[in-house]
Number of protein chains: 2
Amino acid sequence: MGITKSQIFNERQNDLAQFFKVLGHPARVAILQHISKQNSCICNDLVEEIGLAQATISQHLKELKSVGLLKGEIEGKSMCYCINIERWTEVQSELNTFFNNTKSNCC
Amino acid sequence: MGITKSQIFNERQNDLAQFFKVLGHPARVAILQHISKQNSCICNDLVEEIGLAQATISQHLKELKSVGLLKGEIEGKSMCYCINIERWTEVQSELNTFFNNTKSNCC
DNA sequence: ATTATATATTGCAATATTACGATAATAAAA
DNA sequence: TTTTATTATCGTAATATTGCAATATATAAT
């Protein structure tokens with residue numbers, strides 16, 4: 001196996017899990033934190049700052065982009081990766097709804 | 001490789017990522033949602049409700065327990081798994097701090 | 001045009017995760 | 001005490017993720 005049985009869950013459960021999953025790696029947390037401290041951010045900054053190979057950082061950036069949390073614009077010969085604030089707020093709100101709807105009723 | 005280089009990140013980054021990661025599977029999202037609808041919850045309920053094998057559910061419960069989001073009490077010959085509300089609120093607050101501290105300054 | 005710089009993609013090795021059947025462990029019921 | 005019911009653990013197969021070197025791609029600078 002090794003494959004998640006997504007079919008047996010509803011869309012909201014799969015979506016929520018996907019957001020959590022993308023944020024579930026320290027490199028991606030670190031990338032978001034670093035970007036939020038800078039006014040502009042290119043991949044090479046991250047490679048030095050974080051200490052993973054360029055290919056690895058690029059891969060993590062791709063995943064963050066895939067769920068819309070980052071957007072990237074070409075800026076001359078480098079890239080400007082930025083947090084997509086609308087998406088960011090949206091996701092935060094989704095996650096809070098999940099947290100608020102999950103309550104303890106026993107023990 | 002395949003192994004996350006945790007050493008190069010700080011404790012907070014690793015902790016945050018770990019919480020996100022544990023929540024990053026639809027089965028675990030579904031388990032938390034189901035528990036929050038019930039007054040008591042045992043593993044067998046979940047097996048029927050979710051549709052994964054008993055061994056698999058048990059494994060997911062273990063992971064949720066490992067980060068303190070669930071606590072389990074023996075109740076006769078079955079278990080009562082409950083959300084650890086203090087921990088739950090704590091984690092929600094941590095995640096919100098992360099979201100609020102991560103801002104866009106460019107693009 | 002050639003070179004230098006920055007990022008993306010490919011291919012691969014190592015490890016992790018998901019899932020399940022089989023089995024163990026534990027406690028209530030008969 | 002044997003059976004039944006419930007959950008945990010072990011072993012294993014399949015797939016996913018992480019990470020990197022090598023290479024491709026694209027743009028700026030020379």
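Chain identifiers are assigned alphabetically (A, B, ...) following the order of the sequence lines, protein sequences preceding nucleic acid strands; residue numbering begins at 1 within each chain.
- If you take CG of B/L64 and P of C/dT18, they are 11 Å apart, rounded to a whole angstrom.
- Look at CG on A/L46: it is 19 Å from P on C/dT5, rounded to the nearest Å.
- Atom CD1 in B/I3 sits roughly 13 Å away from atom C1' in C/dA13 (whole-Å rounding).
- A donor and an acceptor atom, one from each side chain of A/Q54 and A/N44, are nowhere located under 3.5 Å apart.
- For A/R87 (side chain) and A/V67 (main-chain N/O), a donor-acceptor pair under 3.5 Å exists by modelled atom type.
- Atoms CD1 and CG, on A/I57 and A/L52 in that order, are 4.5 Å from each other to the nearest 0.5 Å.
- Under a hydrophobic clustering in which Ile, Leu, Val, Met, Phe, Trp and Tyr are joined whenever their side-chain heavy atoms come within less than 4.5 Å, directly or via other members, B/F99 and A/L70 fall into the same cluster.
- Close to D/dG19, at under 4.0 Å from its OP1 or OP2, lies a side-chain N or O of A/H60.
- A donor atom on one side chain and an acceptor atom on the other are not found under 3.5 Å apart for A/D45 and A/Q38.
- Taking CD of A/E11 as the start and CG of A/L16 as the end, the distance is 11.0 Å to the nearest 0.5 Å.
- Regarding B/E63, its CD atom lies at a distance of 10 Å from the P atom of C/dA19, rounded to whole Å.
- Residue-level contact check: A/L52 touches the backbone only, with heavy atoms under 4.0 Å from sugar-phosphate atoms and none from bases.
- The NE2-P distance, from A/H25 to C/dA16, rounds to 12 Å in whole Å.
- OP1 and OP2 of D/dA5 both lie 4.0 Å or more from every side-chain N or O belonging to B/N44.
- Using a 4.0 Å heavy-atom distance criterion, B/I74 is classed as making no nucleic acid contact.
- Atoms CD1 and CD, on B/I83 and B/Q33 in that order, are 10.0 Å from each other to the nearest 0.5 Å.
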* Test log, rule side chain to side chain contact (heavy atoms under 4.5 Å, CB included), inputs A/E86 and A/N84 -> CA-CA 6 Å; A/E86 289 120 53; A/N84 182 345; 4.0 Å; yes
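- If you take CG of A/D45 and C1' of C/dT5, they are 14 Å apart, rounded to a whole angstrom.
- A close approach under 4.0 Å does not occur between any side-chain nitrogen or oxygen of B/K21 and OP1 or OP2 of C/dA16.
- The two residues B/T102 and A/S36 come nearest to each other via the heavy atoms CA-CB, 3.7 Å.
- For the helix from C/dA1-D/dT30 to C/dA30-D/dT1, the end axes, each set by the C1' atoms of five terminal pairs, are bent relative to each other by 10° (nearest 10°).
- The side chain to side chain contact (heavy atoms under 4.5 Å, CB included) test with A/I31 is passed by exactly one of A/H25, A/E63, A/H60: A/H60.
- Remark on DNA chain D: of its neighbouring residues A/G76 and A/T4, the 5'-side contact belongs to A/T4, judged by nearest-heavy-atom nucleotide.
- Between the CD1 atom of B/I57 and the C1' atom of C/dG21 there is a distance of 15 Å, given to the nearest Å.
- Among the nucleotides C/dT18, C/dA29, C/dT7, the one closest to any side-chain atom of B/K77 is C/dA29.
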Distances under 3.5 Å between protein N/O atoms and the N/O atoms of nucleotides 8-10 of chain C, please, pair by pair.
from: C/dA8; atom 1: OP1; to: A/Y81; atom 2: OH; distance (Å): 2.6
from: C/dA8; atom 1: OP2; to: A/S58; atom 2: OG; distance (Å): 2.9
from: C/dA8; atom 1: N7; to: A/Q54; atom 2: NE2; distance (Å): 2.8
from: C/dA8; atom 1: N6; to: A/Q54; atom 2: OE1; distance (Å): 2.9

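- Rounded to an integer number of Å, the gap from CD of A/E49 to P of C/dA6 is 17 Å.
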